[in-house]
Amino acid sequence: MNKKFSNKSILITGAAGFIGFFLAKQILETNDNTVSIIGLDNMNDYYDVNLKEMRLSILNETASDESKGNFTFIKGSLADKTLIDYVFNKYRPEIVVNLAAQAGVRYSITNPEAYIESNLVGFCNILEACRNSFDHGGKGVEHLVYASSSSVYGSNKKVPYSTDDKVDNPVSLYAATKKSNELLAHSYSKLYGIPSTGLRFFTVYGPMGRPDMAYFGFTNKLVKGEKIQIFNYGDMMRDFTYIDDIVTGVINVMSKTPGTNEDGVKYKIYNIGNNQPESLMYFVETLEKCLMREEVIDKPAEKEFLPMQPGDVYQTFAEVDEIVKDFGFKPNTSLEEGLNRFAKWYKEYYFENKVKAVQI
Ligand SMILES: NC(=O)c1ccc[n+]([C@@H]2O[C@H](COP(=O)([O-])OP(=O)(O)OC[C@H]3O[C@@H](n4cnc5c(N)ncnc54)[C@H](O)[C@@H]3O)[C@@H](O)[C@H]2O)c1
């Protein structure tokens with residue numbers, strides 16, 4: 001992966017987040033100092049803010065090498081229209097990658113406002129700023145890439161999930177906001193000619209990941225010797241994608257604007273996943289094995305088997321033919337390898353206090 005973004009100004013929202021951080025880091029490291037990344041994040045406390053701070057400090061350190069790309073961080077919310085307009089006017093990004101969002105399916109059941117504010121109001125502010133970037137003869141945004149989610153497939157019975165499937169029946173507010181993003185982006189692409197690509201991510205995991213996700217939460221419980229809860233009695237399948245594979249895919253997508261589709265719109269949606277769902281029980285056993293190998297834990301967890309949670313789905317399974325065809329996307333990190341890297345990082349970060357422990 002060596003896509004060059006020479007002389008580009010790139011806005012990455014959610015840059016202190018899991019995917020945004022690794023994306024920004026990879027671009028900084030593989031580009032020279034003609035590239036500028038503007039990272040925006042409101043640093044909210046949905047999960048441990050220390051992790052976000054740590055990611056930022058790594059980005060600042062990476063960019064302190066003068067031969068590498070430049071990094072500017074702006075703390076603020078997508079929902080602050082004045083700030084978003086200011087950022088676009090000042091930095092004139094050619095590529096915008098919108099990853100900032102309120103993530104998580106279960107949290108959306110009890111905290112709907114956060115999703116409306118970040119994922120709807122915030123996303124509309126990004127779209128408006130993209131539109132206004134062409135005012136007064138401005139060169140404008142060349143490509144908007146934004147995060148959607150496999151959650152849009154809801155309880156789709158047909159597998160693998162294809163971008164041709166009808167996804168009009170979201171089973172969570174989170175999914176509804178992500179599907180709305182795709183619709184809103186389409187109208188802006190159509191009306192104002194803003195090339196846009198939506199990426200439906202499928203359970204991204206890895207070192208320095210999100211503590212709200214199952215693999216991280218299980219690990220925390222295993223370490224404390226607590227019981228772990230296994231929903232739908234373990235009968236679930238997930239299409240896990242390792243963070244490095246995702247970053248490679250996002251960079252490839254960023255570097256090429258979508259062609260004009262049959263409706264005359266520069267608009268595309270891709271699934272970006274592994275195309276290889278794993279059973280929840282295999283996942284848990286592999287995680288336990290990796291954590292035991294690193295001596296993070298010394299025995300498997302006690303498990304409590306429970307029914308399905310509201311908003312959850314039985315299976316996620318990405319059909320990736322389109323992204324393979326257009327970008328040669330090919331995840332090559334096995335679940336065991338990926339969880340092993342997570343276990344190593346977890347040990348260094350939490351047990352050995354190597355605050356900046358990270359391998360990518
Ligand atoms: N990680 C996954 O498995 C996964 C799966 C499907 C979709 N996604 C989507 O991918 C994107 C990135 O996910 P992630 O895993 O890196 O999540 P993350 O929570 O680690 O990162 C999102 C970042 O956005 C920031 N943020 C939230 N609301 C904001 C706002 N209003 N203004 C500015 N910043 C704000 C948060 O502080 C956070 O740092 C999200 O849009 C998420 O919905 C992720």
Side-chain angles (χ1 to χ4, degrees), residues 11-25 38-56 59 73-81 83-84 87 96-108 111 113-126 129 145-153 161 172-182 185 198-217 238-243 245-247 249-250 269-274 313 316 318 338 342:
L11 171 64
I12 300 180
T13 74
F18 175 41
I19 301 175
F21 158 70
F22 278 106
L23 176 67
K25 182 167 175 285
I38 301 96
L40 181 114
D41 202 297
N42 67 357
M43 306 296 281
N44 69 50
D45 62 359
Y46 167 62
Y47 63 75
D48 185 5
V49 179
N50 290 325
L51 266 179
K52 297 183 183 181
E53 300 279 5
M54 180 196 51
R55 296 180 186 131
L56 279 185
L59 292 180
F73 178 67
I74 294 160
K75 183 174 174 185
S77 174
L78 286 188
D80 180 346
K81 185 168 167 35
L83 175 73
I84 298 302
V87 169
V96 175
V97 187
N98 188 60
L99 298 170
Q102 179 57 55
V105 168
R106 288 183 194 151
Y107 189 70
S108 70
N111 296 277
E113 293 86 0
Y115 293 76
I116 303 300
E117 181 174 307
S118 297
N119 305 9
L120 295 181
V121 176
F123 190 67
C124 285
N125 287 339
I126 292 289
V145 179
Y146 60 95
S148 184
S149 164
S150 61
S151 307
V152 300
Y153 291 106
Y161 295 168
S172 68
L173 180 68
Y174 171 65
T177 62
K178 290 294 182 182
K179 172 65 186 170
S180 305
N181 287 176
E182 297 178 359
L199 295 173
R200 293 179 179 168
F201 294 115
F202 282 67
T203 317
V204 187
Y205 74 101
M208 254 198 299
R210 271 174 34 204
D212 64 317
M213 290 183 70
Y215 68 98
F216 209 128
R238 285 289 176 274
D239 200 323
F240 294 98
T241 332
Y242 187 67
I243 184 67
D245 294 324
I246 285 293
V247 166
V250 176
I269 304 278
Y270 292 103
N271 283 338
I272 179 164
N274 215 346
V313 298
T316 62
F342 168 74

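Quick note: residue numbers are just sequence positions, from 1. Ligands are counted one by one from 1 in listed order, and the atoms in each one are counted from 1 as well.
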Residues at least two apart in sequence or cross-chain that pass side-chain contact (heavy atoms from CB on, under 4.5 Å) with Val87, listed by chain then number, are Leu11, Ile38, Leu40, Ile74, Leu83, Tyr91

For Tyr107, the ring pair (Phe, Tyr, Trp, His ring centres under 6.0 Å) test, sequence neighbours excluded, returns Tyr46

| query | Hey, do the aromatic rings of Tyr205 and Phe342 have their centres closer than 6.0 Å? | reply | no

Here the gap from Ile269 atom CD1 to Lys179 atom NZ, rounded to the nearest 0.5 Å, amounts to 7.0 Å

>> Tell me whether the rings of Tyr153 and Phe202 are parallel (<30°), tilted (30 to 60°) or perpendicular (>60°).
In response: tilted

So side-chain hydrogen bond (donor to acceptor under 3.5 Å, both in side chains) across residues 115-125, not counting sequence neighbours, yields Asn119-Thr177

Output for ligand 1, non-hydrogen cut-off under 4.0 Å, lists Gly14, Ala16, Gly17, Phe18, Ile19, Asp41, Asn42, Met43, Asn44, Tyr47, Lys52, Gly76, Ser77, Leu78, Leu99, Ala100, Ala101, Ala103, Ser118, Ala147, Ser148, Ser149, Tyr174, Lys178, Phe201, Thr203, Val204, Arg210, Met213

